[in-house]
There are 2 protein chains.
Amino acid sequence: MSTTIYTIEPVGFIRSELTRLESAPLQGDEGAPEAWLELTSLAAPGLAGITAGDELIVLTWLHLARRNVLQVHPRGDLARSLTGVFATRSPARPNPVGLHHVSVLEVAEQRLRVAPLEAIDGTPIVDIKPVLTGSDPSDR
Amino acid sequence: MSTTIYTIEPVGFIRSELTRLESAPLQGDEGAPEAWLELTSLAAPGLAGITAGDELIVLTWLHLARRNVLQVHPRGDLARSLTGVFATRSPARPNPVGLHHVSVLEVAEQRLRVAPLEAIDGTPIVDIKPVLTGSDPSDR
């Protein structure tokens with residue numbers, strides 16, 4: 001693709017009852033359970049200010065995804081024509097970053113309990129961001 | 001943070017009239033211009049199926065951001081107390097991935113013209129995803 005390479009160090013990992021890809025829903029709103037976001041000791045100070053009830057976007061590294069795939073049948077449905085991965089939410093893509101919109105249920109020391117989350121146990125966390133709401137930038 | 005490291009190869013780059021961080025808005029809806037997403041030849045087949053009018057989420061690598069910062073004053077406002085980066089949209093964070101909600105204005109061969117986009121010219125593109133809308137998963 002390009003000769004420039006960037007490196008990602010996970011800031012934490014997902015702890016979930018979902019342990020197999022086959023049993024994970026395709027999207028959070030399709031029956032995904034709650035899960036814990038377990039931050040590393042080094043990254044945990046980045047959680048300051050997050051409280052129960054917050055809406056977050058969790059970025060994960062879908063470490064089991066195939067990265068050499070550029071076109072897929074959406075949702076694995078062979079009846080649907082081959083589509084570019086950038087037009088789908090398939091985990092298969094050159095840089096398999098997952099996006100998950102979750103609500104915070106509980107804040108513990110280095111951990112957040114959130115729901116819903118369709119990523120499986122052990123999935124690395126790349127980043128966490130607040131959902132932007134309202135039109136007033138000073139809220140951000 | 002962790003000994004596991006993942007690598008990102010950009011799938012393309014932003015081409016924008018914004019060339020200096022100082023002149024870039026903090027968020028797309030704060031007056032950001034249109035821009036081109038220029039894909040690499042290898043990644044371009046991943047665009048198949050994207051058409052003008054689509055709503056996309058563009059993930060970028062904020063290559064100029066400081067990665068060793070875990071708490072910031074939101075929006076650089078010293079009157080606001082130090083907050084964990086995961087509770088803010090600051091570009092400074094361990095893995096500086098930017099999220100940008102854009103509309104597609106035009107599809108060219110290996111490029112998409114989109115708006116609004118606050119990232120500066122040359123910013124690497126990590127991924128592109130459709131915005132999920134509607135409650136029917138078969139739309140996805």
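Heavy atoms only: backbone and side chains are in, while hydrogens, waters and symmetry mates are out. Quick note on labels: first sequence line is chain A, next is B, and so on, each numbered from 1.
For a residue to count as touching a neighbouring chain, one of its non-hydrogen atoms must lie under 4.5 Å from one of that chain's; by this rule A:Leu26 does not touch chain B. Using a 4.5 Å cut-off between heavy atoms, B:Ile50 contacts chain A through both its backbone and its side chain. With a 4.5 Å cut-off on non-hydrogen atoms, B:Ile57 touches chain A through its side chain but not through its backbone. With a 4.5 angstrom heavy-atom cutoff, A:Leu47 touches chain B via backbone and side-chain atoms both. With a 4.5 angstrom heavy-atom cutoff, B:Pro124 touches chain A only via side-chain atoms. In this structure, no portion of A:Leu82 lies under 4.5 Å from any heavy atom of chain B.
Of the listed residues A:Asp77, A:Asp127, A:Val85, the one with more heavy-atom pairs under 4.5 angstrom with chain B than any other is A:Asp127. Residue with the most contacts toward chain A among B:Asp54, B:Leu56, B:Leu99, B:Thr83: B:Leu99 (heavy-atom pairs, distance under 4.5 Å). For the options A:Pro45, A:Ala44, A:Gly12, A:Gly49, heavy-atom pairs under 4.5 Å to chain B are most numerous at A:Pro45.
When hydrophobic clusters are built by joining Ile, Leu, Val, Met, Phe, Trp and Tyr residues whose side-chain heavy atoms come closer than 4.5 Å, directly or via intermediates, A:Leu37 is not grouped with A:Leu59. Grouping the Ile, Leu, Val, Met, Phe, Trp and Tyr side chains by contacts below 4.5 angstrom, directly or via other members, places A:Ile128 with B:Val72. Linking Ile, Leu, Val, Met, Phe, Trp and Tyr whenever their side-chain heavy atoms come within less than 4.5 Å leaves B:Phe13 and B:Leu62 in two separate clusters. A:Ile120 and A:Trp36 fall into different hydrophobic clusters, where Ile, Leu, Val, Met, Phe, Trp and Tyr residues are linked whenever their side-chain heavy atoms come under 4.5 Å apart, directly or through other members. If you chain together hydrophobic residues whose side chains sit under 4.5 Å apart, B:Ile125 and B:Leu105 never meet in one group.
Remark: of the listed residues B:Ile8, B:Asn95, B:Thr4, B:Ile8 is the sole one forming a side-chain contact (heavy atoms from CB on, under 4.5 Å) with A:Trp61.
Taking a 6.0 Å sphere around CD of A:Glu109, one finds it holds 12 or fewer heavy atoms contributed by other residues, nucleotides or ligands.
Pairing each heavy atom of A:Thr7 with each of B:Arg67, the nearest pair is O-NH2, 2.9 Å. The two residues B:Val126 and A:Val97 make their nearest non-hydrogen contact at CG1-CG2, 4.1 Å. Looking at every heavy atom in both residues, B:Arg89 comes nearest to A:Val131 through NH2-CA, 4.4 Å. Listed here is the closest heavy atom pair of B:Ala87 and A:Ala48: CB-O, 3.8 Å.
Side-chain atoms of A:Leu132 and B:Asp29, non-hydrogen and from C-beta on, never get closer than 4.5 Å to each other. A:Val11 is listed as a side-chain neighbour of B:Phe86, based on a closest heavy-atom distance under 4.5 Å. Side-chain contact between A:Pro94 and B:Glu9 is absent, with no heavy-atom pair separated by less than 4.5 Å.
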